[in-house]
Every structure is written in structure tokens, then in C-alpha cells.
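Below is one structure, written out as C-alpha cells; the observations come after it.
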Amino acid sequence: GKCPPVPMTEFADVAAETYPVDTKLYYVCDEGYRRRSGQYLGIRCRNTSGTVSWVYKEFQCIDEKILFSNAPTVELNFTQETRKTQSPAPSKQEKLSGFCGTPKTVPHASLKKDNDYSVGQVLYFKCQAGYDKRAPISGTRTCKKVNGKNIWTPLNMRCTNDS
């Protein structure tokens, strides 16, 4: 099931360390770079034959100066491979049933956070730098099904700017 929108938390940053199966995330090229034409920027957490992992397609961000120049281009040998089998030493997150860990980094790209979360998603909140922190200064919210409704658990933290 899908979760409702995450309640706003002022002066705090949010991150996720694990993502439920079927979560979709998208890469966005950094400023000054563009996605190579025809490549898909999305990834998806999948359970393939009992192994939960991110499924990647080939994706590359190219420097716009190179992309729009008339000079001959050099083919960069960078590809994202789809992992077909469990690695010998999986990360802690990949051992969790039904969850993918932190996705791979792609040169000159960052992940766009999608606000479309599934039941079981845990989000980690931390006060932003420069704001007054009232204990506790970090916390989590979990999307759960309670009495037939999908809800976010309460967040027990407060960040203020005292203004």
C-alpha cells in the first residue's frame, strides 16, 4: 500500500537508508551535465528469485561542454550493471527481507527523492545545521498500516530557529 504525504518537519533534513520492494527512484544530472540521449534515469527495488536489489539501466551524465561541442566525442566506458545474484558479502540493508539498501552513486548525478512511499518505509530526520536543537535532535517516522489506514508514526524531535 501507498503512504500518505510525509508531514512537514521544519528545519530538518530527511533521508532513507532502506527502501521497500517496488520503490522507484530517479537520477538527476548535476548542473552543467545532461543525460545521455535515450537512457532511462529511473531505478527500481525488485525481488528477483529471492534476491532483493536495485535494478539499474545504463545511465550517464555528460558534460554539456562536450555534449554541445563540434569536437569529436570520446566514448566513456561507464555502465550500471543489473546485479543478477547476491554478492558474497551483501550490505546489511540487502539482508533485510523485502528492502533495498542505499542506491549506487552515478558520476555527476544525484538521486531525486520521490515522495511516493510504501508501507514499511522508514525515514530518518535530523536537525539542519545552524538551527537550535532540542533533544532529541534526530528521529524516525515509519509508514504503517493501522486499523486499515496507512499512517506515518509520530516524530519525537523538534528543531527551532528561536525567531
Side-chain angles (χ1 to χ4, degrees), residues 1-9 12-126 128-129 138-145 149-153 155:
K2 295 295 177 196
C3 300
V6 180
M8 289 295 300
T9 304
D13 292 322
V14 63
E17 293 179 3
T18 60
Y19 299 85
V21 168
D22 288 331
T23 296
K24 292 182 203 175
L25 296 176
Y26 298 91
Y27 288 101
V28 177
C29 291
D30 296 338
E31 192 167 328
Y33 292 84
R34 296 247 175 132
R35 172 177 55 94
R36 183 179 284 280
S37 179
Q39 292 183 341
Y40 183 64
L41 44 80
I43 62 174
R44 180 176 248 174
C45 179
R46 287 285 197 197
N47 183 337
T48 308
S49 302
T51 299
V52 177
S53 62
W54 289 106
V55 175
Y56 297 89
K57 305 243 187 228
E58 187 175 350
F59 180 75
Q60 183 179 28
C61 292
I62 303 168
D63 189 325
E64 289 179 341
K65 291 182 221 116
I66 294 170
L67 190 65
F68 295 124
S69 76
N70 291 329
T73 59
V74 175
E75 184 67 29
L76 299 175
N77 191 16
F78 173 78
T79 59
Q80 290 283 1
E81 296 178 3
T82 302
R83 189 162 50 117
K84 303 235 186 276
T85 59
Q86 188 83 4
S87 65
S91 72
K92 184 174 82 173
Q93 288 90 356
E94 289 168 334
K95 287 182 180 177
L96 297 173
S97 178
F99 287 85
C100 287
T102 305
K104 292 180 187 178
T105 57
V106 171
H108 313 295
S110 55
L111 279 169
K112 178 179 147 194
K113 304 286 190 274
D114 193 356
N115 292 330
D116 189 19
Y117 296 112
S118 300
V119 171
Q121 180 70 62
V122 178
L123 298 179
Y124 297 85
F125 291 81
K126 186 174 182 184
Q128 294 172 345
S138 64
T140 62
R141 282 185 183 265
T142 304
C143 183
K144 293 184 173 183
K145 185 177 236 55
K149 284 184 77 175
N150 297 343
I151 60 145
W152 288 100
T153 58
L155 182 64

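Keep in mind that what you see is a predicted model, and the values were worked out from it rather than measured.
The aromatic rings of Trp54 and Tyr19 stand perpendicular to each other, their planes meeting at an angle above 60°, with 30° marking the opposite boundary. In this pair, Phe59 and Tyr27 present their aromatic rings parallel. The plane angle is below 30°, not in the 30 to 60° band.
No donor-acceptor distance shorter than 3.5 angstrom exists from the side chain of Thr18 to the backbone of Cys100, with no hydrogens or angles considered. Checking side-chain atoms of Trp152 against main-chain N and O of Pro4 turns up a donor-acceptor pair under 3.5 Å. In terms of modelled atom types and a separation under 3.5 Å, the side chain of Gln39 and the main chain of Gln60 share a donor-acceptor contact. For Tyr56 (side chain) and Lys104 (main-chain N/O), a donor-acceptor pair under 3.5 Å exists by modelled atom type. No donor-acceptor pair under 3.5 Å is formed between the side chain of Arg141 and the backbone N or O of Leu123.
Rounding to the nearest 0.5 Å gives a distance of 8.0 Å between CD1 of Ile151 and SG of Cys143. Between atom CG of residue Leu111 and atom OG1 of residue Thr105 there is a gap of 9.0 Å, rounded to the nearest 0.5 Å. One finds the NZ atom of Lys144 at 13.5 Å from the CD atom of Gln121 (value rounded to the nearest 0.5 Å). One finds the CZ atom of Arg35 at 5.5 Å from the CG atom of Leu41 (value rounded to the nearest 0.5 Å). Note that the CG atom of Leu25 and the CD1 atom of Ile43 stand 5.0 Å from one another [nearest 0.5 Å].
When the shell of 6.0 Å around NZ of Lys2 is examined, it contains more than 12 heavy atoms from other residues, nucleotides or ligands.
Side-chain atoms of Ser110 and Asp30, non-hydrogen and from C-beta on, do get closer than 4.5 Å to each other. At a threshold of 4.5 Å between non-hydrogen side-chain atoms, the residues Arg46 and Asp22 count as touching.
Ion pairing between Arg34 and Asp63 fails under the 4.0 Å rule for side-chain N and carboxylate O.
The minimum heavy-atom distance linking Tyr26 with Gly42 is given by the pair CD2-CA, 3.5 Å.
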Would you check, one step at a time, whether the test side chain to side chain contact (heavy atoms under 4.5 Å, CB included) holds for Val21 with Val52?
-> CA-CA 7 Å; Val21 168; Val52 177; 3.9 Å; yes

